[in-house]
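Contents: one structure, followed by commentary.
Counting starts at 1 for both ligands and their atoms, in listed order. Not measured: the values here are computed from a predicted model. Hydrogens, waters and symmetry mates play no part in the numbers below; they use all other heavy atoms, side chains included.
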Amino acid sequence: MREKIVAGNWKMNTSVTEGVQLTREILAGATQIPEGVHAIISPPYTHLFPIAQLLEGQNRIALAAQNCAEESKGAYTGEVSAGMIASVPCSYVILGHSERRTYYGETDQTLWNKLVQALENNLRPIFCVGELLQEREEDQHFQVVASQLKHVIGALEPADFEKIIIAYEPVWAIGTGKTATSDQAQEMHAFIRSFLAGIFGEATEKTPILYGGSCNPSNAKELFSQPDIDGGLIGGASLKANDFLAVAKAFE
Ligand code: 13P
């Protein structure tokens with residue numbers, strides 16, 4: 001049995017006060033999260049510490065950062081290291097989100113450096129891949145995703161690979177209201193699993209592969225019922241406690 005995961009990526013939204021309030025609301029409804037489903041919230045850096053304090057002493061909701069630095073410490077003004085994030089404490093980090101790749105020029109090399117930092121500091125990476133609309137229209141989507149995986153995830157030692165969570169987020173579905181159909185998503189998830197199996201073999205059966213891109217309470221059940229979709233990475237719908245909890249409940 002693979003882990004089931006619902007992760008909320010808040011992106012650059014909410015003040016600290018609003019983020020704390022949103023966390024309180026999610027915690028208040030956490031009993032609705034089906035047994036065995038791991039719920040993760042990923043607020044901005046500034047919110048991590050107060051939210052970690054709120055989450056202390058419970059195990060229904062875990063915490064993720066949205067990014068980390070490539071280096072471990074030193075003169076890198078404005079950066080936040082994986083060690084700092086782990087010290088919050090925080091357990092997960094999202095890496096390779098398409099917004100980071102597109103707006104901040106993150107390359108395979110950047111992501112490799114960040115992945116190494118995350119793993120050295122015991123942060124579990126949620127590694128994002130996904131194609132642009134044009135790449136899908138040109139039928140390049142499998143090649144694009146294979147390349148994003150091969151040069152970074154494919155270079156890991158098997159023991160580290162076992163810690164990885166993959167998120168497939170077709171860029172054309174992010175924040176557009178245009179979800180991939182469950183068939184399109186399943187097709188890509190199955191491809192990702194078989195591609196990784198070519199490198200890591202059977203271990204891939206345990207790799208959680210999440211879908212992201214306009215996933216919400218009305219489409220989550222259909223998506224999560226697919227054999228290779230193990231949960232979701234949720235943007236917009238994770239900013240409302242009831243919607244986030246409803247997505248988690250889609251596993252029922
Ligand atoms: P939306 O759910 O808002 O489309 O965002 C998806 C996403 O980018 C999650 O990381």
Between the side chains of E25 and K240, is the shortest nitrogen-to-carboxylate-oxygen separation below 4.0 Å, so that they form an ion pair?
no
Are any of the N or O atoms of [X] closer than 3.5 Å to those of ligand 1?
X    : answer
K11  : yes
H97  : yes
G175 : yes
G235 : yes

Report, in ascending order of atom number, the atoms of ligand 1 lying under 4.0 Å from any heavy atom of [X].
X    : result
L233 : 9 (C), 10 (O)
A173 : 4 (O)
G213 : 4 (O), 6 (C)
S214 : 1 (P), 2 (O), 4 (O)

Donor-acceptor pair, side chain of N121 and main chain of A118, under 3.5 angstrom
no
Backbone N or O of Y92 within a donor-acceptor pair of the R124 side chain at under 3.5 Å?
no
Distance-only polar pair, side chains of [X] and [Y], donor-acceptor under 3.5 Å:
X    : Y    : value
H97  : E169 : yes
T207 : T204 : no
D183 : T181 : no
N9   : S42  : no
W172 : Q134 : no

Which option out of E169, E99, Q66, K178 puts a heavy atom nearest to atom 7 (C) of ligand 1?
E169
Ligand 1 versus I174, non-hydrogen atoms closer than 4.0 Å: side chain, backbone, both, neither?
both
Give me the nearest non-hydrogen protein atom to atom 3 (O) of ligand 1 as residue plus atom name, then the distance to 0.1 Å.
G236 N, 2.8 Å
